[in-house]
2 protein chains.
Amino acid sequence: MARWDPGAQERLTEAALDLYLERGYDNVTVADIAERAGLTRRSYFRYFADKREVLFPSAERLPEIVREAVLAADPAAAPLAAVLDALHQVGAQVAEHVDHANAARRRAVIDTSAELQERERSKSAAVAAAIDEALRQRGTGPGTAALVAQVGSVVLGLAFRRWVKSDAAGFSAGLYAVVDDLRASLDDAGTTAHLDPAGTPPPEGLQRRGCAPFSPPRE
Amino acid sequence: MARWDPGAQERLTEAALDLYLERGYDNVTVADIAERAGLTRRSYFRYFADKREVLFPSAERLPEIVREAVLAADPAAAPLAAVLDALHQVGAQVAEHVDHANAARRRAVIDTSAELQERERSKSAAVAAAIDEALRQRGTGPGTAALVAQVGSVVLGLAFRRWVKSDAAGFSAGLYAVVDDLRASLDDAGTTAHLDPAGTPPPEGLQRRGCAPFSPPRE
DNA sequence: ACAGTTGATGACACCGTGTGTCATCACTCA
DNA sequence: TGAGTGATGACACACGGTGTCATCAACTGT
């Protein structure tokens with residue numbers, strides 16, 4: 001493998017994934033990764049910002065994709081509806097372009113390292129930020145936009161997890177399963193609240209939209 | 001300030017917060033913090049695991065508090081209702097024990113550093129994990145527990161942000177405002193979906209619980 | 001064919017984080 | 001007064017991350 005062999009970045013990602021799985025994330029140095037890829041430590045940092053970034057190659061474009069999907073959703077749709085709609089579109093792209101086997105290996109590595117989970121959450125937060133921005137561009141209020149964006153990001157993350165875990169099912173199936181759960185949870189919570197017979201309202205002003213507190217207050 | 005002066009940890013937290021605000025997080029070294037606190041770099045790491053941890057002193061006990069609050073909620077309540085109820089209880093403790101002025105200063109620092117935001121998300125994730133565990137202990141299914149836990153964590157985070165931002169309002173007010181937003185968003189999204197006149201259902205099995213897709217499909 | 005240019009790489013030095021290890025100091029208790 | 005205990009300082013070290021410059025291959029124009 002000569003000095004200018006092409007595909008340096010790909011070699012690095014493969015070497016890193018292999019080594020992280022073999023020895024565990026903490027027992028691998030950047031020098032190890034670079035050596036296996038036929039490069040030096042310094043060159044690794046020309047491709048990736050740090051030791052963690054090598055595991056999140058496709059996460060770079062995701063926020064932009066999500067933002068455009070949200071902006072492309074029906075302008076008349078409610079914020080959450082627009083976001084879920086957009087995630088459906090995004091899911092198709094993701095399932096198509098992401099290698100399922102490698103995604104599963106990445107998940108295995110990430111699940112063993114708190115440091116990597118921390119980084120993964122940053123990627124998820126970047127998606128949330130993109131949704132938030134797109135929603136506000138659609139005219140959604142700041143508070144609602146922030147909330148719906150984070151919920152959307154959570155839903156996407158859980159759906160992606162389901163997709164990775166099950167070899168067979170498509171991405172959409174997982175997405176719908178999560179959204180189903182979300183709808184059911186909120187229906188149940190709402191139902192419980194509404195049925196509250198003698199609910200003493202909590203201190204500050206609630207009761208807007210005719211909602212009782214979250215659950216019958218205990219005493 | 002002699003070698004064995006008491007309150008070393010408090011001196012470190014104050015020194016760190018001051019320095020981070022004065023020079024910016026990246027322009028402060030652990031040695032700087034330790035020096036201002038009258039200690040050495042090595043001693044700093046005996047009190048805090050790393051350079052970031054010094055900004056999250058009260059986050060250590062939070063997961064346990066939240067877990068217990070969820071377990072203490074009405075066993076008959078739906079998962080989300082139990083969580084929101086628990087967060088209401090937790091909010092009271094937080095607003096009481098956390099110094100509002102310092103919380104605002106911490107927020108200012110965190111908002112300037114991606115590294116610190118990453119760590120903050122980890123704290124939030126720890127809360128989500130605690131909720132998740134408590135919910136499953138209550139008998140909630142794994143998928144629903146994970147989803148509701150993350151949504152609850154998001155709600156708590158946003159409510160805490162509102163509490164820090166507004167000097168006057170109590171924590172509960174922010175919490176209720178966020179929950180109101182959540183209810184409204186889901187009502188709106190559900191409404192839109194249900195009113196969809198000629199909605200072509202998306203590929204895989206949806207329509208469970210009588211719900212149409214998120215929004216009228218575009219072409 | 002040849003020289004200049006461009007871009008990727010290696011070599012090296014450097015700073016800061018985080019940790020292991022041991023000596024040192026103050027305080028406590030018998 | 002002397003042993004023990006716990007917090008601290010001193011020192012060394014591995015590793016992450018960065019700036020800088022030299023080097024080498026490939027491309028470009030003449």
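Naming: A, B, ... by sequence-line order, numbering from 1 per chain. Computed from heavy atoms alone, side chains included, the values below leave out hydrogens, waters and symmetry copies.
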Pairs meeting criterion salt bridge (charged side-chain N to carboxylate O under 4.0 Å, His left out) with involvement of residues 25-35 of chain B, two or more places apart: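 Applying salt bridge (charged side-chain N to carboxylate O under 4.0 Å, His left out) to every pair that reaches into residues 25-35 of chain B, excluding sequence neighbours, yields R23(B)-D32(B).
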
Partners of [X] by side chain to side chain contact (heavy atoms under 4.5 Å, CB included), sequence neighbours excluded?
X       : answer
A125(B) : R121(A)
A126(A) : P63(A)
A15(B)  : I33(B), R36(B), A37(B)
K123(A) : E53(A), F56(A), A59(A), R119(A)

When the distance from [atom1] of [X] to [atom2] of [N] is rounded to whole Å, what number comes out?
X      : N       : atom1 : atom2 : result
Q9(A)  : dA8(C)  : CD    : P     : 12 Å
E53(B) : dG18(C) : CD    : C1'   : 14 Å
L12(B) : dA7(D)  : CG    : C1'   : 13 Å
I33(B) : dG16(C) : CD1   : C1'   : 12 Å

Restricting both atoms to N or O, compile the protein contacts to nucleotides 15-18 of chain D shorter than 3.5 Å, with distance only.
residue : atom : partner : partner atom : Å
dG16(D) : OP1  : V30(A)  : N            : 3.4
dG16(D) : OP2  : V30(A)  : N            : 3.4
dG17(D) : OP1  : R52(A)  : NH2          : 2.8
dG17(D) : OP2  : K51(A)  : N            : 2.7
dG17(D) : N7   : R41(A)  : NH1          : 2.9
dG17(D) : N7   : R41(A)  : NH2          : 3.2
dG17(D) : O6   : R41(A)  : NH2          : 2.6

NZ/NE/NH1/NH2 to OD/OE distance under 4.0 Å, D111(A) and K165(A):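 So D111(A) does not pair with K165(A) through a salt bridge.
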
Contact under 4.0 Å: S43(A) side-chain N or O vs dG10(C) OP1/OP2: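 So the side chain of S43(A) is within the cut-off, an N or O lying under 4.0 Å from OP1 or OP2 of dG10(C).
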
Nucleic acid contacts - residues 107-123 of chain A versus DNA chain D, non-hydrogen atoms under 4.0 Å: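 Heavy-atom contacts with DNA chain D come from no residue of residues 107-123 of chain A; none.
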
Nearest listed nucleotide, side chain of R46(B), among dC21(D), dT21(C), dA7(D):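 Among the listed nucleotides, the one closest to the side chain of R46(B) is dT21(C).
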
By side-chain hydrogen bond (donor to acceptor under 3.5 Å, both in side chains) - contacts of R42(B) (at least two apart):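 Result, side-chain hydrogen bond (donor to acceptor under 3.5 Å, both in side chains) vs R42(B): none returned.
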
Set of residues satisfying salt bridge (charged side-chain N to carboxylate O under 4.0 Å, His left out) with respect to E64(B), sequence neighbours excluded: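 Scan of E64(B) (salt bridge (charged side-chain N to carboxylate O under 4.0 Å, His left out), adjacent residues dropped) gives R67(B).
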
